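Basis for what follows: all heavy atoms, side chains included, without hydrogens, waters or symmetry-related copies. None of the values given here were measured: they were computed from a predicted structure.
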Amino acid sequence: MRNFLMVLALSISTASYAASLQSGIYEGLQLAVSPAGDVTGYYSETLGQGVTRNCSFALAGKVNASQEADIRSWSSDVLPGHIAATKNGVVLRIPQGQSHDGCINVMVPLIDEGLELESTRKTHWLSMAEVSGERVYLSNSPDVATRRKAWLVKGDVVGVVKNQSDWTQIEFVSESGKTTTGWLENSKIKPLTPPAA
């Protein structure tokens, strides 16, 4: 019995130190992990001044029992990959990941074997979504009467914080790291999902 209690205590103490995938910003990766274990993310990295080069792609998958996820990543092509939590962030591995649009000139070859990305900010995102309207104004609450001057444009990727009726509370993080929070009508955004195979 004493041996059983020691083993139980050791397994509980080591389990609490195991890293788990969590919503947040990991350098150039914005990642959302839902309570059900669905993973969505958006990676964007820009190099240069004046004339710039940009690498960006989306990803989606499902967390497994080991707190890792096999993912599908896409820009123009869909590529399989893997993401796992580490003590200080995540490791993102996408064999041939440099073949995503613009990534050959921006992303280091480590993406094939596993690119370590440090956590820069935790979030409470449930998922990621893409703005589908040409110019979509943010509201202060789920009511068109509270519309603000701030807007997003088609293709902007946002973190989903909360859903309420026909509205979604989102958080947008600009390339400079500035965060904007507001409400959008559900008809103005679409879930970040991989294209059909």
Flag the pair Glu171 and Arg121 as a salt bridge only when some basic side-chain nitrogen lies within less than 4.0 angstrom of an acidic carboxylate oxygen. yes
Exceeds 12 heavy-atom contacts within 6.0 angstrom, atom CH2 of Trp74: yes
How would you list all residue pairs meeting disulfide bond (SG atoms under 2.5 Å apart) that involve residues 125-180, not counting sequence neighbours? none
Other residues, nucleotides and ligands only: do more than 12 of their heavy atoms fall within 6.0 Å of NZ on Lys62? yes
How long is the span from the OG1 atom in Thr46 to the CG atom in Asn54, to the nearest 0.5 Å? 4.0 Å
May I have the step-by-step check of side-chain hydrogen bond (donor to acceptor under 3.5 Å, both in side chains) for Ser23 and His124, ending in yes or no? CA-CA 6 Å; Ser23 296; His124 297 287; over 6 Å; no
Report yes or no: does Asp143 contribute a side-chain atom to a donor-acceptor pair with the main-chain N or O of Thr146 at less than 3.5 Å? no
Which value, rounded to the nearest 0.5 Å, describes the distance between Ile104 atom CD1 and Asp101 atom CG? 12.0 Å
With the side chain counted from C-beta on, respond yes when Val161 and Trp125 share a heavy-atom pair under 4.5 Å apart, and no when they do not. yes
Determine yes or no for a side-chain-to-main-chain donor-acceptor pair under 3.5 angstrom, with Thr168 supplying the side chain and Asn186 the backbone. no
Spell out, as yes or no, whether a donor-acceptor pair under 3.5 Å connects the side chain of Thr52 to the backbone of Gln49. no
Would Leu21 end up clustered with Leu115 when hydrophobic side chains under 4.5 Å apart are linked, directly or stepwise? yes
Once disulfide bond (SG atoms under 2.5 Å apart) is applied, what residue pairs with a partner in residues 29-142 remain, sequence neighbours excluded? Cys55-Cys103
Is the side chain of Thr179 donor-acceptor paired with the backbone N or O of Val173 at a distance under 3.5 Å, no angle test? no
Carboxylate-amine/guanidinium contact Asp112 Arg93, below 4.0 Å: no
For the side chain of Ser165 and the backbone of Trp167, is there at least one donor-acceptor N/O pair under 3.5 Å apart? no
Positive for side-chain contact (heavy atoms from CB on, under 4.5 Å) with Ile71, one of Thr40, Leu92, Leu79: Leu92
Return the OG1 to CE distance between Thr193 and Met128, rounded to the nearest 0.5 Å. 13.0 Å
Looking at OH of Tyr43 and CG of Leu29, how far apart are the two atoms once the value is rounded to the nearest 0.5 Å? 8.0 Å
